[in-house]
Amino acid sequence: MENKDHNQNHQSEDLPQVLLLKPTPVMAVLGEHQFSSNKYQFLKAWESPLPLCQFLTKYANSIQAILCSGAASVTDDLLQLLPSVRLVVAASAGTNHIDLMACCRRGISVTNAGNVFSDDGADAAVGLLFDILRKISAADRYVRQGLWVKKGDYALGSKKKTFVSYPFYSNICELAADSDALIICCALTDQTRHMINKEVLSALGKEGVIVNIGRGAIIDEKELVRCLVEGEIAGAGLDVFEKEPDIPKQLLELENVVLSPHNAVFTPESFLALSELVVGNLEAFFSNLPLLSPVMDE
């Protein structure tokens, strides 16, 4: 039995190492076993008593890939310490926590969650939109506070609109001006940061609502709060915020705002699909096969 255990440990030590700086949300829910493979082994930085810099220096030549989420940034400085890394796997659709230019310079491939979150993200966005328009959460609070008995029927929500076509707009202000609702689900980049600004919100107007399931900083949050407080837009459904988990106090107090804690795509189905994709990307990399969901493939 000792010889067998020794051989297994020796084989494990020979496997390529994948760095985990922090536990990813999906791994915390599903467990590490869901990501296990005989093609690689995980190296968990948070379990080491060594300071991070010393830990990375110790394993610099053996770490060939990094699995990360938004809670652990992959920076140029980090990559300088890890010359053997050739793959960064994002356990998320967004890659704004990864220095893509630094990866490109070093010939490092990058993958993300591909389209595994698309269906659940769309469900959440539409759910937030319906909630705002039909005042579902606000009406729920109205009933729970006993106001239905004291004040009578709750105010009507908006009714369904019918649209025949969906024209393309190259100008976000023109799109906002011609829309009853804006749903934000794009990536956060230098180009999209604060893309939804004072001008766009003003164009959306007093009857317009906005839903954000992308990244908080796509909207100028200060301007959003001001527009909501002053009645310049009709409402907002927000799953993401600029400085998570901190949320402006004013948003917590508004009846025409629906909030969720950055979990629009957090379902058992999407998490299982993500774990399969993460493992598939890592196994493909270590088997010299094409990556399944490349953002950047060198």
Side-chain angles (χ1 to χ4, degrees), residues 117-148 150-169 171-186 192 195-242 244 247-267 270:
F117 290 147
S118 297
D119 289 347
D120 290 323
D123 288 347
V126 173
L128 287 169
L129 180 61
F130 283 170
D131 196 326
I132 301 162
L133 294 177
R134 297 301 305 271
K135 299 179 169 60
I136 296 171
S137 292
D140 175 80
R141 291 189 291 271
Y142 189 83
V143 172
R144 292 176 187 275
Q145 293 168 7
L147 299 178
W148 193 13
K150 296 177 182 178
K151 296 186 177 182
D153 290 343
Y154 189 68
L156 292 176
S158 301
K159 301 307 178 184
K160 183 179 179 180
K161 310 280 193 307
T162 57
F163 299 93
V164 177
S165 62
Y166 300 89
F168 173 78
Y169 291 84
N171 183 289
I172 188 69
C173 283
E174 292 178 5
L175 173 64
D178 286 353
S179 300
D180 298 306
L182 287 180
I183 296 178
I184 310 302
C185 53
C186 61
T192 63
M195 175 179 68
I196 308 300
N197 53 23
K198 179 180 179 180
E199 290 72 26
V200 174
L201 293 169
S202 296
L204 185 60
K206 294 180 181 295
E207 302 300 319
V209 300
I210 191 163
V211 171
N212 191 3
I213 60 166
R215 288 291 186 268
I218 295 170
I219 300 178
D220 185 334
E221 197 166 78
K222 290 183 179 179
E223 279 299 321
L224 174 65
V225 170
R226 185 191 63 78
C227 288
L228 287 165
V229 170
E230 296 180 7
E232 293 189 12
I233 64 172
L238 305 172
D239 181 59
V240 289
F241 308 89
E242 280 211 59
E244 298 175 359
I247 300 173
K249 182 181 178 182
Q250 298 98 317
L251 293 180
L252 303 176
E253 298 170 345
L254 292 169
E255 284 291 294
N256 59 340
V257 175
V258 181
L259 309 170
S260 64
H262 200 149
N263 68 348
V265 298
F266 285 14
T267 67
S270 68

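Just so it is clear, the model here is predicted, and its values are computed rather than measured. Scope of the values below: all heavy atoms of this structure, side chains included, with no hydrogens, waters or symmetry mates.
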task: Determine whether Val240 and Ile213 make a side-chain contact, defined as any pair of heavy atoms from C-beta on separated by less than 4.5 Å.
output: no
query: Among Val211, Ile210, Asn256, whose side chain to side chain contact (heavy atoms under 4.5 Å, CB included) with Ile132 holds?
result: Val211
field: Beyond-backbone contact of Glu255 with Tyr142, side-chain heavy atoms, under 4.5 angstrom
entry: no
- prompt: Could you state the interatomic distance from CD (Glu230) to NZ (Lys206), rounded to the nearest 0.5 Å?
  reply: 9.0 Å
- prompt: How many angstroms lie between atom CG of Leu129 and atom CD1 of Ile183, to the nearest 0.5 angstrom?
  reply: 5.0 Å
query: Does CG belonging to Asp119 count more than 12 external heavy atoms closer than 6.0 Å?
result: no
query: Ser137 and Val258: which non-hydrogen atoms are nearest, and at how many Å?
result: OG-CG1, 4.2 Å
task: Measure the spacing between CZ of Arg226 and CD of Glu232 and express it to the nearest 0.5 Å.
output: 4.0 Å
statement: Between Asn212 and Ile219 the two heavy atoms that sit nearest each other are ND2-CD1, 3.6 Å
- prompt: How many angstroms lie between CZ in Arg215 and OG1 in Thr192, if you round to the nearest 0.5 Å?
  reply: 10.5 Å
- request: Taking all non-hydrogen atoms of both residues into account, name the closest pair between Glu242 and Ala217 and its distance.
  value: CG-CA, 3.7 Å
Heavy-atom donor-acceptor pair, Asn171 side chain to Glu174 backbone, under 3.5 Å: yes
statement: Taking every heavy atom of Gln250 against every heavy atom of Val229, the minimum-distance pair comes out as CB-CG2, 4.1 Å
field: Minimum heavy-atom distance between Phe130 and Ile136, given as atom pair plus value
entry: O-CD1, 4.1 Å
query: Are the side chains of Leu201 and Ile196 in touch, meaning some heavy atoms are under 4.5 Å apart?
result: yes
query: So which heavy atom on Ser270 is nearest to which on Phe117, and how close?
result: CB-CD2, 3.7 Å
field: Under 3.5 Å donor-acceptor, Asp239 side chain and His262 backbone
entry: yes
Residue pair Gln145 / Lys150, side-chain heavy-atom distance below 4.5 Å: no
- prompt: Any side-chain heavy-atom pair from Ile233 and Leu228 closer than 4.5 angstrom?
  reply: yes
- request: Give, for atom CD of Glu223 and atom CD of Glu199, the distance between the pair rounded to the nearest 0.5 Å.
  value: 8.0 Å
- prompt: What is the distance from atom CG of Asn197 to atom SG of Cys173, rounded to the nearest 0.5 Å?
  reply: 6.0 Å
query: Can you find a pair of side-chain heavy atoms, one from Leu182 and one from Val200, that are under 4.5 Å apart?
result: yes
